[in-house]
Structure formats: C-alpha cells, structure tokens
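Order of appearance sets the numbers: ligands from 1, and atoms from 1 within every ligand.
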Amino acid sequence: MENLASVWQEAAAQLEDTLPETKKQWIKRISFEKEEDGRLVLSLSSDFYREMTEKNCRADIENTVSEIAGRDVAIDFIVDRSKKTVQKAPARTARKEKTETASKNTTLNKQYSFDNFISGDNSSFAFNACKVIAQNPGTSFNPCLIYGGVGLGKTHLLESIGNYIDEHNPKMKIIYTTAESFTNEFIDSLLSKERISSFKAKYRNVDVLLIDDIHFLQKKDSTQEELFHTFNELYDSHKQIVLTCDRPITELTDITDRLKTRFRKGLNVDLQPPAYETRVAIAMQKCKEKGYTMDQNVLEYICQNVNTNVRDLEGALTTLSSFATLVGKPVTLDIAKEQLKNFIVAPAIRNTDITVDMIIHSTASYFNLKEYDIRGKSRNKNITLARHISIYLASELTSYSLSEIGKMMNGKDHTTIMYSVEKIKSILDTDESVKQAVETIKAELLQ
Ligand code: ADP
Ligand code: MG
C-alpha cells in the first residue's frame, strides 16, 4: 500500500502552490498525524483551526490526496494541542532580524500579548480572528473592527496583533495609535505643508495600521476626511487595518457614511463581558502576572460579584492585594466584602451590549408595529407611545447621550428626546399598561 505520509507531503506542497492565500493559511497549519485503516489522519493545533480547515479546505484536500494516492482516501481531522503552529521563518532568524531593526515599531505596548489574553465564549471569535490576522496580515479579514464596551479587552487584542506581527515579521512597519492621538497629530500637522506631507507619508506607508477607539472621531470632520484617504490607500495596497470602537458601527453618529461603509467592510467582531468561569480564569492569570496571593474563596467572591468588565476585575484584585500588603496579612472573605463595597455597587442596569437598534426592534414587536414607524414622524397615538418608550429605554439602558439617541432616531433633536424621557417617567407609576410594556421589553432586552 502507498505510504500516506509521503502522499500527504506531496499533496500539501501541491495545495500550497495552487490554492488561494485564504485557503493556504489553513493548509500550512496541518500536520500529518498517522495512517489508520487506510484513512489519512491529519492534525491541527486548535478546534478553531480544525473547524476552519474542514469548512474551507476539506474538499480540496480530499481531491488532491486521492489523486496522488490513486484511490479514494478518507480523511480525518483531529486536534492535537501539543502541535505548535508551523511558522515559515524559524524563530531564531526572526529574533535576529528584530535586533537589527529594534527601535522601529515603538508605538506598541509590549505588555499585551495573545499569550496573556484569556479567551472564553464571550471573546473566542474575536480572539481567534485577531490571531489569524496577526499570522497573515493583509490577507484575511481586512479591515477588521473589534467593538465592545469599556474594559473588555479591545486595546489588549489590538496591541497583541501588533506585537505578534512585530515579533514574527520584524520588517513590517506597524503603527498603533488611538483615534485621539491621530486627531491631535493631524491638527498639529496643519501648521505647515512639510508637516502635512510627513503626516500623510507616515500613515500611508505602513504595513499594519492599528487605530484604537475610533468612536472618538465623531464630529471630527477633517480628521475623518484624512483617515478616509489613508484608509483607501492602505486598503488598495492590501495593507492590514484593524480598528476598535465602543459600539457597533451602525450606532456611530457624526461619522460620514462613506467612512462607516469602509469600516463595515471586512470583518466586524464583538467582545462581550466574560462569564463567571472566564472571570475566574482571568483573575487567576492576573494574580500570577502581578504576584498577588489570594485565597481561593476570596477570588471566587470577587469573580461572582465584580461582573462588569475585566478592568473592574483587575481593579478589585489590586485593591485587595494592596490592602493585604498594607495590613501585612492575607485578605479574608470578610475583609474582601468590606473592602469591595465600592466596587460591588447594585448591578448596573446600563448594559453596553444593548443597542438602540435592539430597543427599537423589541418595542416594535411588543406593540406590533414596524421599526420605521418608531423611527418615523407619525402622530398616531399608539406609535407615539411606542416611540416615547423606545427613547426612554434607550436613555435607561444605554450610555448614549440624549443627542446621540436623537441622531439614531432619524435625527430628532435633544429636546424631543428629553420630552419623551420625561413623558414616560411621569406616567410610569400611574399607567399600568405603560409600566407593563416598559418592564416586559426591558426584561427581554436584559435577558
Ligand atoms: P478596552 O480597550 O476594551 O477598554 P482593555 O484592553 O484596556 O479594554 O482591557 C482592560 C484591562 O483588562 C487590561 O489590563 C487588559 O489586559 C485586561 N483584559 C481584558 N480582557 C482580558 C482577557 N480576556 N484576558 C486577560 N486580560 C484581559
Ligand atoms: Mg481601550
């Protein structure tokens, strides 16, 4: 019988030559595992890689392998976590090149990496997408937008992409910046022609552009214009662009439509708050990193109660650990409860995952209306009430300002929004049917 190990070697080489880059990236990660009852068993280092390979390349692999073997060969994919991703350049060469070009990508903060990011159900899609981008900059998922509430790891992932590329592709020029610094730098550059052209050259000559917190660009018209051109130039020459934002693109106000359209191209991934088990894993990792010793039941208490975001979780750990250092003894559960009073406020009702779109959708379906009725101008009594309720819920459940909500409701002004909010507040306690509507819609949204 043919030797399937060498059949695979030949097939892999052939596939790498012929498949498009989007498929090739998965082939590179496959290892030959064994031959079993005439079947070819191939392995990948994670579930994510296995799924992506099966989905994207199974047919190509089967065809090529069968053709080379001269018979139909059945293929199994398994996960072998001990297998590291096959990298093209050996690590040593990469490190050597790095020292030669050491001070190049100085905008990156080295403390963030994929290795110290704990991924759970809330973040695995974003995490895996970011890794794929880092491994193949400019080829898959371009541009990519990571969005989510504060303290959920957007900056951590963005910087990790930069650090990974800097380590593995040291020749690549990477810029990490925040939308705020980009804006300030742009404004400064307006002072002279030379500065403008060096600003443009700086941002248009990178291989990887990472911009954090693009919601900051709202209302900054000329900066948006500048970014639009930078974006197009990089995008057209297949340079990688990754952005973060505190909300989905559809909810950005005061950003030109053409820029929003650019941001929405490619891949948009969201980060959700971590579940309890993930919070425990993160807390343990942070304690290890920072050298905190924490009793298991104290740690569990913190993770059960601090459930807003990872930044708060870190804050709680730091508070308790500093307390322990100050008093010179370990933190007990009672001390933890006392010290964390300020952290563990009543569960926040404002939920960064609830969007105005979701509120309008739920309200429309509760009242059996169309979403455009609610956004529109109709004076029909039932529609007006539903509209007031949507606006009231948006002010209660999201962190948007009244004028931002107005913009998302087809350009209503601040006073109209305030009127709706006050209107519902004034009848909420006396009108049973309004109360019922508000509570039912709210419960559905918070679920
Ligand atoms: P954001 O940019 O979304 O506001 P950050 O990336 O600044 O949030 O994260 C806040 C803090 O929490 C950082 O110290 C970051 O390292 C940490 N953090 C967030 N998510 C994770 C995670 N999944 N694993 C480990 N640390 C995390
Ligand atoms: Mg951030």
Side-chain angles (χ1 to χ4, degrees), residues 46 48 107-131 133-134 144-164 175-184 209-218 241-249 251-252 263 268-292 294 299 302-303 305-322 343 348 350-355 398-400:
S46 75
F48 179 69
T107 52
L108 293 163
N109 180 340
K110 294 285 166 199
Q111 92 185 50
Y112 297 114
S113 76
F114 290 129
D115 293 336
N116 63 11
F117 188 90
I118 307 286
S119 126
D121 285 348
N122 60 310
S123 60
S124 63
F125 187 53
F127 177 70
N128 287 323
C130 289
K131 272 171 103 172
I133 289 170
C144 173
L145 175 99
I146 310 163
Y147 68 91
V150 291
L152 293 180
K154 300 182 295 295
T155 299
H156 191 135
L157 284 178
L158 193 64
E159 294 261 17
S160 302
I161 295 177
N163 283 322
Y164 186 98
I175 289 187
Y176 163 89
T177 186
T178 60
E180 187 171 3
S181 310
F182 183 85
T183 305
N184 293 339
L209 179 60
L210 310 168
I211 305 188
D212 214 353
D213 296 329
I214 53 158
H215 45 270
F216 181 85
L217 294 175
Q218 292 178 110
I241 303 159
V242 189
L243 312 158
T244 73
C245 186
D246 69 352
R247 62 194 84 177
I249 290 301
E251 305 231 322
L252 279 176
F263 293 163
N268 283 210
V269 287
D270 71 327
L271 282 170
Q272 299 284 336
Y276 172 70
E277 292 74 14
T278 312
R279 293 201 292 277
V280 173
I282 294 175
M284 285 165 64
Q285 152 86 10
K286 295 289 169 193
C287 286
K288 199 171 119 198
E289 257 174 39
K290 300 186 179 184
Y292 302 159
M294 201 77 67
L299 197 97
I302 299 172
C303 295
N305 291 283
V306 183
N307 54 11
T308 41
N309 62 58
V310 182
R311 187 170 297 148
D312 289 349
L313 189 61
E314 271 187 2
L317 292 170
T318 310
T319 303
L320 286 185
S321 161
S322 321
F343 268 96
R350 278 175 201 274
N351 184 325
T352 47
D353 307 326
I354 295 179
T355 63
T398 73
S399 42
Y400 299 140

Which segment of Thr155 sits under 4.0 Å of ligand 1 when only heavy atoms are counted: both
Gly151 heavy atom under 4.0 Å from ligand 1: yes
Residue and atom name of the nearest protein heavy atom (relative to atom 20 (N) of ligand 1), distance in Å to one decimal: Val310 CG2, 3.5 Å
Distance from atom 6 (O) of ligand 1 to nearest protein heavy atom, with residue and atom: His156 N, 2.8 Å
Sub-4.0 Å heavy-atom approach of Gln285 to ligand 1: no
N/O/S atom of Thr244 inside 2.8 Å of the Mg ion (ligand 2), strictly under: no
Ligand-residue contact atoms, ligand 1 with Lys286, heavy atoms, under 4.0 Å: 16 (O), 17 (C), 25 (C), 26 (N), 27 (C)
Ligand 1 contacted by Phe127 (non-hydrogen, < 4.0 Å): no
Donor-acceptor pair between Asp212 and Tyr176 side chains, under 3.5 angstrom: yes
Parallel, tilted or perpendicular: rings of Phe117 and His156 (30°, 60°): perpendicular
Heavy-atom side-chain contact between Leu157 and Tyr112 under 4.5 Å: no
Least distance between heavy atoms, Ser322 atom then Thr318 atom: OG-O, 2.5 Å
Under 4.0 Å to a heavy atom of Val150 - the qualifying atoms of ligand 1, by number: 4 (O)
Contact atoms of ligand 1, heavy-atom distance to Ile118 under 4.0 Å: 22 (C), 23 (N), 24 (N), 25 (C)
Gly149: numbered ligand 1 atoms lying under 4.0 Å from its heavy atoms: 3 (O)
Test item, Asn116 contacting ligand 1 (heavy atom, 4.0 angstrom): yes
